[in-house]
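One structure is given below, encoded as structure tokens.
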2 protein chains.
Amino acid sequence: MTAAVQLTNVLKTLADPTRRAVFERIAREGEVAATGLVQGSKVSQPAVSQHLRALRDAGLVAERREGRHIHYRVAPKGLGPLIDWLGHYQTFWQERFENLEKLLKESE
Amino acid sequence: MTAAVQLTNVLKTLADPTRRAVFERIAREGEVAATGLVQGSKVSQPAVSQHLRALRDAGLVAERREGRHIHYRVAPKGLGPLIDWLGHYQTFWQERFENLEKLLKESE
DNA sequence: CCGATATATAAGTAAACACTTATATGAATG
DNA sequence: CATTCATATAAGTGTTTACTTATATATCGG
């Protein structure tokens with residue numbers, strides 16, 4: 001899969017507010033089971049399941065099975081295509097981005 | 001408009017490959033008239049026009065009218081919501097995984 | 001095994017999207 | 001002022017998307 005397609009996947013995946021909210025919650029809570037994500041979500045269990053699949057397919061989250069539960073966590077590298085793309089526009093917004101790319105590379 | 005909605009707009013706008021290609025070309029060429037963007041594009045003039053409107057509405061490009069031509073350029077602040085959102089995860093990485101802030105300071 | 005729990009898949013649907021062709025607006029030029 | 005050039009809007013269309021309800025699969029405890 002080309003870099004452009006990966007970037008498109010990441011952008012599309014994060015563009016949906018409901019799905020992004022799921023991602024943000026996983027990020028906040030560190031590791032969450034799907035059940036936990038369904039509780040406190042506006043949408044149904046299948047909807048959450050579908051969003052989790054999209055996030056996983058985009059490389060944004062990883063999962064760990066533990067019995068009946070599947071625990072999700074953020075996959076830091078998933079944001080890589082986005083960071084790399086933004087890197088090309090560094091001159092446009094200079095200092096704000098500064099350390100971000102470095103930080104991501106260190107975390108790999 | 002809330003920050004979340006602005007972010008959603010930016011992500012949705014950049015998620016379409018054709019539209020992102022328009023944005024990238026504006027970024028590369030510095031200032032381009034719509035005509036120039038239509039030439040060398042796979043899609044029709046109205047399609048390009050619609051993409052330019054979307055980019056402008058998302059705050060990603062600015063325009064300057066010069067007679068019949070309208071010249072487009074990247075709006076530096078347009079990527080702000082995206083940068084800010086990613087910056088939020090910068091702290092997340094720092095806190096959750098490793099002490100990346102420390103790592104960064106050590107590496108400087 | 002059975003029943004309960006956790007998650008995934010199937011199928012259907014309304015809305016959003018990215019395009020098209022046709023036409024309208026707006027601005028320069030002869 | 002009429003024509004040409006640059007861009008925008010209108011209207012229509014096939015495809016994608018995000019959801020729903022219903023059902024299937026998987027895992028555990030008794």
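Small disclaimer: the values here were computed from a predicted structure and weren't measured. Residue numbering restarts at 1 for every chain, and letters A, B, ... go by the order of the sequence lines.
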Rounded distance in Å - [atom1] ([X]) to [atom2] ([N]):
{"X": "B:Arg20", "N": "C:dA18", "atom1": "CZ", "atom2": "C1'", "result": "15 Å"}
{"X": "A:Asp57", "N": "D:dT16", "atom1": "CG", "atom2": "P", "result": "16 Å"}
{"X": "A:Lys42", "N": "D:dC19", "atom1": "NZ", "atom2": "P", "result": "13 Å"}
{"X": "B:His69", "N": "C:dA28", "atom1": "NE2", "atom2": "P", "result": "11 Å"}
{"X": "B:Glu66", "N": "C:dA27", "atom1": "CD", "atom2": "P", "result": "14 Å"}

Once you round to the nearest 0.5 Å, how far does [atom1] of [X] lie from [atom2] of [Y]?
{"X": "B:Met1", "Y": "B:Gln6", "atom1": "CE", "atom2": "CD", "result": "5.0 Å"}
{"X": "B:Trp85", "Y": "A:Glu24", "atom1": "CH2", "atom2": "CD", "result": "6.0 Å"}
{"X": "A:Thr13", "Y": "A:Asp16", "atom1": "OG1", "atom2": "CG", "result": "9.5 Å"}
{"X": "B:Gln45", "Y": "B:Leu37", "atom1": "CD", "atom2": "CG", "result": "11.5 Å"}
{"X": "B:Leu86", "Y": "A:Leu79", "atom1": "CG", "atom2": "CG", "result": "6.0 Å"}

Derivation of the side-chain contact (heavy atoms from CB on, under 4.5 Å) call for B:Arg53 and B:Asp57: CA-CA 6 Å; B:Arg53 186 149 85 96; B:Asp57 288 350; 3.8 Å; yes
Most 5' of A:Arg68 and A:Ser44 on DNA chain D, judged by nearest nucleotide: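 The residue closer to the strand's 5' end, by nearest nucleotide, is A:Ser44.
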Nucleic acid contacts of residues 8-19 of chain A, taken as heavy-atom distances under 4.0 Å to DNA chain C: none
Contact residues, residues 45-56 of chain A to DNA chain C [heavy atom, < 4.0 Å]: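 Per residue number, the list reads A:Gln45, A:Pro46, A:Ser49, A:Gln50, A:Arg53.
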Residue from B:Leu52, B:Ile26, B:Leu55, B:Val74 passing side chain to side chain contact (heavy atoms under 4.5 Å, CB included) with B:Leu60: B:Leu55
Shortest non-hydrogen contact from A:Gly30 toward A:Arg73: O-CB, 3.5 Å
